[in-house]
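Note sheet for the following structure.
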Protein chains: 2
Amino acid sequence: MRGFKRYSTILRLFSPQRPNWTVSEISQALDTPSSSIYRTMRELSEEGFVEASADAHYRLGSAFIEFDRMMRKTDPLVLKGAPLLQSLIEQAELPCVCVLARLYGDRVICAVDEKTGNTAFSSSYERGLPMPVLYGATSKAILAHLPKRRLDAMLSDAPDDAARSALLSQLKEIRRTGYCVTRGEVDAQLVGLAAPVVNKDLAIWASVSMIVNSSDLTEEIEARITLTLVTLSQFLAQKLTAYSAGA
Amino acid sequence: MRGFKRYSTILRLFSPQRPNWTVSEISQALDTPSSSIYRTMRELSEEGFVEASADAHYRLGSAFIEFDRMMRKTDPLVLKGAPLLQSLIEQAELPCVCVLARLYGDRVICAVDEKTGNTAFSSSYERGLPMPVLYGATSKAILAHLPKRRLDAMLSDAPDDAARSALLSQLKEIRRTGYCVTRGEVDAQLVGLAAPVVNKDLAIWASVSMIVNSSDLTEEIEARITLTLVTLSQFLAQKLTAYSAGA
DNA sequence: CTATAAATTATCATAAAGTGATAACTTAGT
DNA sequence: ACTAAGTTATCACTTTATGATAATTTATAG
């Protein structure tokens with residue numbers, strides 16, 4: 001293993017299912033002598049990216065809390081989008097989850113989430129959890145304005161050509177209408193409604209979306225939500241343009 | 001520069017004051033040829049630790065959002081402490097900020113924060129912001145139970161021997177009473193009240209604290225708060241012990 | 001307090017990877 | 001199509017990482 005990947009491979013071993021690793025476990029998992037792992041773990045812990053627990057166990061370190069704060073304080077999408085999402089949730093008239101998500105490698109990650117107090121349901125979308133790029137309104141709204149080169153790379157994960165061309169026409173429709181609605185693609189019984197948020201200068205491909213119970217969604221409500229989302233996405237895009245001009 | 005530090009030095013260039021860096025700026029700042037920086041930035045962006053913005057600018061990447069979620073989902077202090085802090089803030093009868101903080105290298109970092117809705121004041125304590133280790137109740141409560149070897153390393157930053165011995169007797173008092181109160185050490189007009197949270201098995205040295213306006217604090221209220229904090233810190237310590245036994 | 005095992009660090013010859021000057025290539029704007 | 005800025009590729013040269021082993025430290029039990 002070489003370069004930064006040597007470190008990130010170790011960091012990505014830590015998961016909710018397995019948040020604690022001993023040196024010997026890492027050594028086994030990566031088929032690398034423990035003397036090397038010891039050295040690497042010391043480097044990571046000196047910088048706060050892992051912390052030594054007892055019994056030779058390690059867990060992720062507080063550096064991630066520090067860098068996460070930096071993201072919240074400086075990331076244009078979070079910075080400009082969080083207040084808007086806040087007001088969006090306040091004027092919601094049905095139980096829902098609101099999400100700002102962006103492209104993250106070959107997946108989509110939620111950068112800000114808000115939920116109404118009365119949510120009886122739970123959406124898969126959650127700040128920091130990578131989601132598939134080809135399914136759900138949130139992801140499709142992001143794909144809609146992606147340069148074709150990058151889009152093509154994403155499409156290689158599609159099951160077949162039929163799915164690919166169906167998706168392409170759906171993306172065309174998103175560009176025309178400015179929004180996307182999908183039913184049960186991510187979570188059964190839930191409907192996702194999303195609008196693209198793009199800023200080329202900042203290289204931001206993102207979307208703003210609401211996830212609601214399908215049983216709560218009348219045609220009238222759907223029309224109102226999509227209008228709100230389209231308006232908000234345009235407003236956020238303007239904010240981002242102003243930000244990129246000012247900084 | 002060698003090892004992981006080569007990467008973390010670059011990552012730590014990004015700050016709220018300067019969240020955008022070009023390759024040539026980094027090249028200058030680190031006195032390193034840009035061809036090397038380009039290579040390193042590519043590695044970092046492939047793993048999501050930085051993102052390319054336009055005009056040769058880079059910003060921190062979404063990997064930190066992903067890893068922060070991991071911390072929230074798996075870190076014992078956050079996991080067991082967050083609900084307690086929630087209930088602490090709910091039963092607060094005056095404007096305040098509640099904080100769970102832990103040792104982070106030679107500083108102290110807040111891992112969870114909660115504030116009452118009506119906070120007219122603002123405390124320096126905030127999730128993810130490293131704070132000095134020698135000042136304020138939050139930090140002193142953490143130092144109180146630190147093994148003397150580590151404590152000595154911390155004390156080297158003290159201004160003089162007088163300060164050192166004053167601190168040592170204060171720490172002794174914290175061990176006796178189970179809590180610490182400081183006035184205006186971090187923010188003028190604010191009082192910090194804290195109790196240590198220690199779990200040796202998990203190598204956790206932390207504290208739970210409340211920050212309030214000094215004008216709101218009568219003797220009676222102070223007695224009530226410190227009692228609450230001591231109780232809560234012991235309860236949390238128990239939870240951590242149970243966690244370490246179960247995992 | 002000592003004995004024992006486990007965890008961690010140090011050592012060092014070898015192999016591998018990073019470095020940086022340069023050139024080649026892309027991309028965006030005029 | 002031209003230009004300039006940004007980015008990637010190349011490669012001889014260093015420097016650093018590697019990993020088997022030994023030495024040391026730490027933790028635990030007797």
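Quick note on labels: first sequence line is chain A, next is B, and so on, each numbered from 1.
- For C:dG20, one of the phosphate oxygens OP1 or OP2 lies less than 4.0 angstrom from a side-chain nitrogen or oxygen of B:S36.
- Within 4.0 Å of B:R39, counting heavy atoms only, lies at least one base atom of the nucleic acid.
- Taking atom CD1 of B:I10 as the reference point, atom C1' of C:dT19 lies 13 Å away to the nearest angstrom.
- Put simply, NZ on B:K5 is 15 Å from P on D:dT16, counting in whole angstrom units.
- Checking the phosphate oxygens (OP1, OP2) of C:dT27, a side-chain nitrogen or oxygen of A:R149 falls inside 4.0 Å.
- With rounding to whole Å, A:E25 atom CD is found 15 Å from C:dA6 atom C1'.
- Distance CE (B:M41) to P (C:dT19): 14 Å, rounded to an integer number of Å.
- In this pair, B:F64 and A:F67 present their aromatic rings parallel. The plane angle is below 30°, not in the 30 to 60° band.
- Rounded to whole angstrom, the span from the CD1 atom of A:I37 across to the C1' atom of D:dT18 amounts to 11 Å.
- Comparing A:D31 and B:S53 along DNA chain D, the residue whose closest nucleotide (by nearest heavy atom) sits nearer the 5' end is B:S53.
- Between A:R6 and C:dA17 there is no side-chain N or O to OP1 or OP2 distance below 4.0 Å.
- Within a 6.0 Å radius of CZ in B:R175, more than 12 heavy atoms belonging to other residues, nucleotides or ligands are found.
- The distance between the ring centers of B:F4 and A:F49 falls below 6.0 angstrom.
- Between A:R42 and C:dT9 there is a side-chain N or O to OP1 or OP2 distance below 4.0 Å.
- Classification of B:R176 and B:E173 as a salt-bridged pair holds, one side-chain N sitting under 4.0 Å from a carboxylate O.
- Atoms CD1 (B:I26) and P (C:dT19) sit 14 Å apart, rounded to a whole Å.
- Residue order along DNA chain D, read from the 5' end via each residue's closest nucleotide, puts B:S35 first among B:S35 and B:D201.
- The OH atom of B:Y58 sits 11 Å away from the P atom of D:dG6 (whole-angstrom rounding).
- Within 4.0 Å (heavy atoms only), B:T32 reaches sugar-phosphate atoms of the nucleic acid but no base atom.
- The phosphate of C:dT8 has OP1 or OP2 within less than 4.0 Å of a side-chain N or O from A:Y38.
- In this structure, CG of B:L30 is placed 15 Å from C1' of C:dG20, rounded to the nearest angstrom.
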### side-chain contact (heavy atoms from CB on, under 4.5 Å) between A:T40 and A:Y7, intermediate numbers included
CA-CA 8 Å; A:T40 306; A:Y7 301 102; 3.7 Å; yes
